[in-house]
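Here is how names work: the chains are called A, B, and so on, in the same order as the sequence lines, proteins then strands, and each is numbered from 1. Bear in mind that the values here come from a model prediction, so they are computed numbers and not experimental data.
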Amino acid sequence: MSEERSLNFIEEIIEKDLEAGTHEGRVHTRFPPEPNGYLHIGHAKSICLNFGLAKKYNGKCNLRFDDTNPVTEDTEYVESIMNDVRWLGFDWDELHYTSDYFDQLHDFAVDLIKKGLAYVDDSTSEEIAATKGNIDRPGTNSPFRDRTVAENLQLFTEMREGKYADGEKVLRAKIDMAHPNMLLRDPIIYRIKHAHHHRTGDKWCIYPMYDFAHGQSDSIEKITHSICTLEFIHHRPLYDWCIDKLGIFPSHQYEFARLNLNYTVMSKRKLLQLVNEKQVNGWNDPRMPTISGMRRRGYTPESIRKFAETIGVAKRENLIDIGLLEFCVREHLNKVALRRMAVLDPIKLIITNYPEGQTETLSAENNPEDENGGHRPISFSNTLWIERDDFMENPPAKYFRLGVGLKSRLKHAYIVECTGFKKDENGNVTEIYCTYFPESKSGSDTSGIKVKGTMHWVDANTAETAEIRLYDRLFKVENPATEEGDFKDYINTDSLSTISKAYIEPALKDATLADRFQFLRIGYFALDTDSTADHIVFNKTVGLKDSWSKEQKKG
RNA sequence: AGUUCUAUGGUGUAAAGGUAGCACAACUGAUUUUGGUUCAGUUAGUCUUGGUUCGAAUCCAGGUAGAACUACCA
């Protein structure tokens, strides 16, 4: 029995097409972002789908920048998008820009005019909206609807030549002002914009609308399966209309449900707002659902691809638990992350029976999940940093770490027994004292002592320091987009907390941006791009599963 | 109100007329020098009402619920 995964509905369509010999068995998809923002995890789903389908069916996938609106688009976004797609592990077969087709698209418009299927309209935008009708009321014909072909040709030429100001005239398709689908009520297909385009410069002052560019671009590239999200479903009749009237290659559009993740927002408009209003520190802020944000936070391409595969592809609206993404991240990081020790909230532990000034070097495995992971040396002395919450003055039952009289193991080192502690005048514990059992050394333990708890630690004599940034969900509610009022009212103001001085083991000093670490018992961490040789900065990628805090919450 | 789309455990997603399965989450337990990992197990689902059929998540009809559409954005 083969491990065959069931097909999603798009794969079913493709396999049916393959069987029927449609397009000579060719599968050609495309990923068509508009370069007006950074890519987010929702785009990642689409990228994995489109490029994944091409790979699975031995086909091709293009990257096409849908750049028909010069006022919002920028090469900065083009660069970031290419970078993100490559980082995710995909490479396009062809790179295109809709703007490369402007000449052809213009000729298509002329063709439509000649066929009597398009006309130049002098109405204002308000007039066009007013005569469009309503969802349950038909629209009315524009007074300019019956201009002659010759007149339309002349006017459209003048539009292109820059004779008119923005908004003075538009070119509309002549379809049906009473159509139940609003998009077919003589949609605008060309508008005047005297704007500088990031690629074509000042060559054009008229630009095609999405509906007059997308399907034709697919057709020009001989795309067989044009996959987009559900909100474009109403556009499909128009997509088909253009291809049909123009008599060009019949690309076909299929729609799937976009990804929604809880506790975040996924619209470029909202994300741009967060960036512009400095609610976050740029598009690649580690709290952002952008690919660049996740990369900076320490997520891996493997984990994002696995996530995309796990959530599946269907046509019903969904709201995926962010926990599933985090699961995929942990799952991959568990296999590849180097284990290291770091103490985020330090308190001093003094071993009273370990000779002052003595040090020894212990061996610590780099990754228990990887047989070939090797070991590293770590130093040990009588003064260590341990985590503040690994000690309790009045420990409850089932607490496995330190409290006076309790024993616990120092990972990779010895078992210690807590003998006392010191408080300052404010009642805060400042030092913890313990004795160690020399014969309990890790790997050669002959002490016979059994302990349930193990703690991480860092030798105070050799420790380095680092800044650590911890992240929480960006929003306080599951779905800020559907909440009453402004989505920004639901921002979690505690989504970033910074630890300015944590103690880390010396091996971490050489970390690079490509490294992934597990700080033992805490979580997964990656170097931040702000990090320098003198000031090391780590991001917490995601925490370890924590069944102790769960236990505590139960009370 | 019109049109279009959708409806399966808490969340996702399978089952193409024949045992409702998988993943995450939750909960037990075992293992563990990370309260991590791993392993074993438990809880929990076909929107509703009819119809067709020996048999319906699946086919048909009617409800109900949710979403999308009325930008010179994509």
Side-chain angles (χ1 to χ4, degrees), chain A residues 5-8 12 32-34 36-37 66-69 71-73 98 121 123-125 128-129 132-139 166-172 179-183 185 187-193 206-207 209-211 213-214 228 230-237 255 257 259 262 268-269 309-321 323-328 330-331 334-335 339 341 365 368-369 398-401 408-413 415 440 442-443 445 450-456 518-523 543-552:
Chain A
R5 234 184 104 83
S6 57
L7 304 178
N8 63 49
E12 280 177 12
E34 183 189 11
N36 68 346
D66 211 347
D67 53 354
T68 57
N69 186 359
V71 303
T72 58
E73 294 152 7
T98 302
D121 195 335
S123 306
T124 64
S125 133
I128 290 177
K132 195 129 201 184
N134 207 309
I135 270 167
D136 51 359
R137 198 180 64 245
D166 289 10
E168 210 174 323
K169 284 181 168 41
V170 290
L171 183 70
R172 299 177 74 178
H179 200 104
N181 182 339
M182 302 289 296
L183 288 165
R185 319 246 262 228
I188 293 167
I189 56 179
Y190 257 95
R191 77 291 215 192
I192 299 168
K193 272 182 195 284
I206 56 170
Y207 293 93
M209 297 287 289
Y210 167 85
D211 285 305
H214 202 96
C228 62
L230 242 34
E231 63 269 28
F232 289 96
I233 199 161
H234 304 286
H235 294 248
R236 186 165 25 138
E255 310 85 13
L259 165 67
N262 61 8
K268 274 198 265 185
R269 204 196 95 248
E309 186 188 314
T310 305
I311 58 176
V313 178
K315 295 183 80 158
R316 97 181 74 130
E317 301 285 335
N318 57 78
L319 182 62
I320 309 261
D321 193 333
L324 181 59
L325 211 208
E326 294 180 337
F327 166 81
C328 294
R330 283 194 199 97
E331 188 186 41
N334 177 48
K335 292 190 195 110
R339 269 56 172 179
M341 294 202 284
E365 63 187 344
E369 305 295 319
K398 289 207 279 185
Y399 182 81
F400 302 152
R401 289 101 88 182
S408 189
R409 174 176 290 281
L410 293 165
K411 180 75 178 173
H412 304 307
I415 291 173
S440 68
S442 200
D445 186 348
K450 290 275 178 271
V451 292
K452 294 198 94 166
T454 301
M455 306 180 301
H456 60 278
Q518 183 197 103
F519 291 178
L520 244 47
R521 302 209 300 135
I522 302 175
L544 251 28
K545 242 178 146 178
D546 187 355
S547 47
W548 167 245
S549 68
K550 214 183 268 178
E551 181 79 22
Q552 279 179 309

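- Applying the side chain to side chain contact (heavy atoms under 4.5 Å, CB included) criterion to I135(A), with sequence neighbours excluded, gives no partner residue.
- Partners of E231(A) under the salt bridge (Lys or Arg N to Asp or Glu O under 4.0 Å) rule, at least two apart in sequence or in another chain, are R258(A).
- In this structure, E73(A) has no salt bridge (Lys or Arg N to Asp or Glu O under 4.0 Å) partners at least two apart in sequence or on a different chain.
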Within the sub-3.5 Å range, which N or O atoms of nucleotides 56-59 of chain B have a protein N or O partner, and how far apart are they?
none

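- The side chain of N318(A) lies closest to G12(B), out of G35(B), G12(B), G36(B).
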What does the list of N/O pairs under 3.5 Å between the protein and nucleotides 1-4 of chain B look like, with a distance for each?
from: A1(B); atom 1: N3; to: D136(A); atom 2: OD2; distance (Å): 3.0

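- T68(A) comes within contact range of the sugar-phosphate backbone alone, with a heavy-atom separation under 4.0 Å but no base atom that close.
- Nucleic acid contact class of E34(A) (heavy atoms, under 4.0 Å, all strands): sugar-phosphate only.
- Residues satisfying the salt bridge (Lys or Arg N to Asp or Glu O under 4.0 Å) test with K169(A), not counting sequence neighbours, are D122(A).
- Below the 3.5 angstrom threshold, one finds no donor paired with an acceptor across the side chain of H235(A) and the base of A68(B).
- As judged by a 4.0 angstrom heavy-atom cut-off over every strand, G443(A) is placed among the base-contacting residues.
- With hydrogens and angles disregarded, no donor-acceptor distance shorter than 3.5 Å links the side chain of K398(A) to the backbone of E551(A).
- Between the side chain of S123(A) and the backbone N or O of I128(A) there is no donor-acceptor pair closer than 3.5 Å.
- L544(A) pairs by the side chain to side chain contact (heavy atoms under 4.5 Å, CB included) definition with Q518(A), Y524(A), not counting sequence neighbours.
- Residue Q518(A) is in base contact, counting any heavy-atom pair closer than 4.0 Å across all strands shown.
- Counting any heavy atom pair closer than 4.0 Å across all strands shown, K193(A) reaches sugar-phosphate atoms only and no base atom.
- With a 4.5 Å cut-off on side-chain heavy atoms, L324(A) and I311(A) count as touching.
- Counting non-hydrogen atoms under 4.0 angstrom, R401(A) reaches a base of the nucleic acid.
- An OP1 or OP2 oxygen of A26(B) is reached within less than 4.0 angstrom by a side-chain nitrogen or oxygen of K550(A).
- No hydrogens or angles were tested; on distance alone, nothing pairs the side chain of Q552(A) with the base of G35(B) as donor and acceptor under 3.5 Å.
- When the salt bridge (Lys or Arg N to Asp or Glu O under 4.0 Å) test is applied to R521(A), the partners found at least two apart in sequence or on another chain are D390(A).
- The side chain to side chain contact (heavy atoms under 4.5 Å, CB included) check on N134(A) picks up D136(A), R137(A), with sequence neighbours excluded.
- Applying the side chain to side chain contact (heavy atoms under 4.5 Å, CB included) rule to S442(A) yields the partners R409(A); only residues at least two apart in sequence or on another chain are considered.
- As judged by a 4.0 angstrom heavy-atom cut-off over every strand, N262(A) is placed among residues making no nucleic acid contact.
- Phosphate proximity of U34(B) to K545(A): absent, as no side-chain N or O sits under 4.0 Å from OP1 or OP2.
- Residue contacts shown for M455(A) are absent, as no nucleic acid heavy atom lies under 4.0 Å away.
- To the nearest whole angstrom, the two P atoms, one in C60(B) and one in U52(B), are 15 Å apart.
- Note on F327(A): only backbone sugar-phosphate atoms sit closer than 4.0 angstrom, heavy atoms only; bases stay farther off.
- Y207(A) comes within contact range of no nucleotide atom at all, as no heavy-atom separation falls under 4.0 Å.
- Residue L324(A) is in sugar-phosphate contact alone, with no base atom involved, counting any heavy-atom pair closer than 4.0 Å across all strands shown.
- Consecutive Watson-Crick or G-U pairing (both distances under 3.5 Å) extending over three or more pairs maps onto RNA chain B as B:2-7 with B:64-69, B:10-13 with B:21-24, B:26-30 with B:38-42, B:47-51 with B:59-63.
- Residue V451(A) is out of contact with every strand shown, counting any heavy-atom pair closer than 4.0 Å.
- In this structure, R330(A) reaches neither bases nor backbone, as no heavy-atom distance under 4.0 Å exists between it and the strands shown.
- Judged by distance alone, with hydrogens and angles left aside, T454(A) brings no side-chain donor or acceptor close enough to the base of U34(B) to form a pair under 3.5 Å.
- For a distance-only test at 3.5 Å, the side chain of R409(A) qualifies as a donor-acceptor partner of the base of U33(B).
- For N134(A), counting side-chain heavy atoms from C-beta on, the closest listed nucleotide (U13(B), U70(B), G36(B)) is U70(B).
- R137(A) contributes no side-chain N or O that forms a donor-acceptor pair with the base of U70(B) under 3.5 Å.
- In this structure, F519(A) reaches neither bases nor backbone, as no heavy-atom distance under 4.0 Å exists between it and the strands shown.
- Every residue meeting the ring-ring contact (aromatic ring centres under 6.0 Å, His included) condition with Y210(A), not counting sequence neighbours, appears here in chain and number order: H214(A), F232(A), H235(A).
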